[in-house]
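Both backbone and side-chain heavy atoms feed into the values below; hydrogens, waters and symmetry mates do not. We count residues from 1, following the sequence as given.
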Amino acid sequence: YFEIDDELSIKWFEKAANKGNIEAIDILGYYWQCCGENSKAFNCFLKMAEAGYRNYQFIVGEHYISDDYEKAIYWLEKADNNNLDYHSDYNPNPNDERFQNRTFFSEYYENRDGNISGFLASVYLDKIKKDHNKELLQNIFSVLLKSARRGHKASQLSVAKMYEFGIGVEEDYNEAERWYLNILYNSYVEDENNDLVGMEYSSINLGLELGRFYVKWGKIYKAINIYE
């Protein structure tokens, strides 16, 4: 490799990219993004998404949210059903401070398997608010269930509530109880290990939530056991 520091270098990378060289497309996308050439960068990201790479499919989907929900959902659904990422450590110009953060995608992918589904669910929900399309509730439940099975806490709690209230799925108190117990058990483990968890997902708050559910269900003896 050589540094991208002149027009000739860029032309060679563009020639490789035009022939479908994935690494060249990736490098150019990063280069243009760091240079503030967002339109050129997005064109590269779109090519990477079309080539089947999940991290780029997510970024393209996120890009479209502001002006085209259908395209946003199309790419986010692809990302949610994909497990192929593309990562490169290549830095086009290590001497230029603009290019010091080669891992700029990483912030999107902390616990990414759960978060893509959760993010897609939030897009569905926003679309429902805009055009009152209630049929999307089933889509929301589907992606949240996938996220919940991967261990994402917010999704697990949402799935429990959706089963409890029959939102996007047939009301099922047994399934609701299973998900409430699952996230409560995991929160106990994290509390004992002194892991950092948000107050919403602490064992105390989740216990109160499960107790409320048992009272509503008429399982008073279970609620008493939880509160004790």
ask   = Between D26 and M48, is there a donor-acceptor pair closer than 3.5 Å when you use the side chain of the first and the backbone of the second?
value = no

ask   = Sequence neighbours excluded, which residues qualify as salt bridge (Lys or Arg N to Asp or Glu O under 4.0 Å) partners of E77?
value = none

inquiry  = Checking the side chain of S142 only, and the main-chain atoms of Q138 only, is there a donor and an acceptor separated by less than 3.5 Å?
reply    = no

request  = Apply side chain to side chain contact (heavy atoms under 4.5 Å, CB included) to W179 and L145, showing your working.
outcome  = CA-CA 10 Å; W179 282 106; L145 183 61; 3.8 Å; yes

request  = Answer yes or no: does atom NZ of K15 have more than 12 heavy-atom neighbours from other residues, nucleotides or ligands under 6.0 Å?
outcome  = no

ask   = Looking only at heavy atoms, what is the nearest atom pair of L144 and M162, with distance?
value = CD1-SD, 3.7 Å

ask   = Just by modelled atom types, is the R178 backbone N or O under 3.5 Å from a matching donor or acceptor in the N182 side chain?
value = no

ask   = Atom CD1 in I27, atom CD1 in I22: separation rounded to 0.5 Å?
value = 11.5 Å

message = Angle between ring planes, Y163 versus F141, binned at 30° and 60°: parallel, tilted or perpendicular?
response = perpendicular

message = If the threshold is 4.0 Å, N to carboxylate O, is there a salt bridge linking E177 and K222?
response = yes

key: Mutual orientation of the aromatic rings belonging to Y173 and W217 [parallel < 30°, tilted 30-60°, perpendicular > 60°]   = perpendicular

task = Let me see the working for I167 and I140 under side chain to side chain contact (heavy atoms under 4.5 Å, CB included), right down to the final yes or no.
result = CA-CA 9 Å; I167 300 172; I140 291 176; over 6 Å; no

message = Test your reading of the model: is there a side-chain donor-acceptor pair from D85 to the backbone of N55, 3.5 Å cut-off?
response = yes

request  = Calculate, to the nearest 0.5 Å, the distance between atoms CD1 and CG belonging to I226 and L210 respectively.
outcome  = 4.5 Å

ask   = For the residue pair A176 and A160, what are the closest heavy atoms and their distance?
value = CB-O, 3.5 Å

remark   = Closest non-hydrogen atoms of G207 and L184, given as atom of the first, atom of the second and distance, are N-CD1, 3.7 Å

task = Identify the heavy atoms of A49 and V60 that sit nearest to each other, and give their distance.
result = CB-CG2, 3.9 Å

request  = Answer yes or no: is there a side-chain heavy-atom contact under 4.5 Å between W75 and L46?
outcome  = yes

request  = Drop me the distance from K78's NZ to E50's CD, to the nearest 0.5 angstrom.
outcome  = 10.0 Å

inquiry  = Do F13 and I25 make a side-chain contact, defined as non-hydrogen atoms from C-beta onward lying under 4.5 Å apart?
reply    = no

task = Might you point out which heavy atoms bring S155 and A148 nearest each other, and give the distance in Å?
result = CB-N, 3.7 Å

ask   = Are side-chain heavy atoms of Y74 and Q57 found at a separation under 4.5 Å?
value = no

inquiry  = What's the separation between atom NZ in K219 and atom OH in Y214, rounded to the nearest 0.5 Å?
reply    = 9.0 Å

request  = Specify the closest pair of heavy atoms between A223 and G211, including all atoms of both residues, with the distance to one decimal.
outcome  = CB-O, 3.7 Å

ask   = Rounded to the nearest 0.5 Å, how far does CZ of F45 lie from CZ of F58?
value = 13.5 Å

task = Please find out if less than 6.0 Å separates the ring center of F42 from that of Y64.
result = yes

task = Take the angle between the ring planes of Y53 and Y86 and call it parallel below 30°, perpendicular above 60°, tilted in between.
result = perpendicular

Qualifying residues under side chain to side chain donor-acceptor pair (under 3.5 Å), relative to K161, sequence neighbours excluded = E209

inquiry  = Please report the interatomic distance CG(D80) to CZ(R54), rounded to the nearest 0.5 Å.
reply    = 9.0 Å

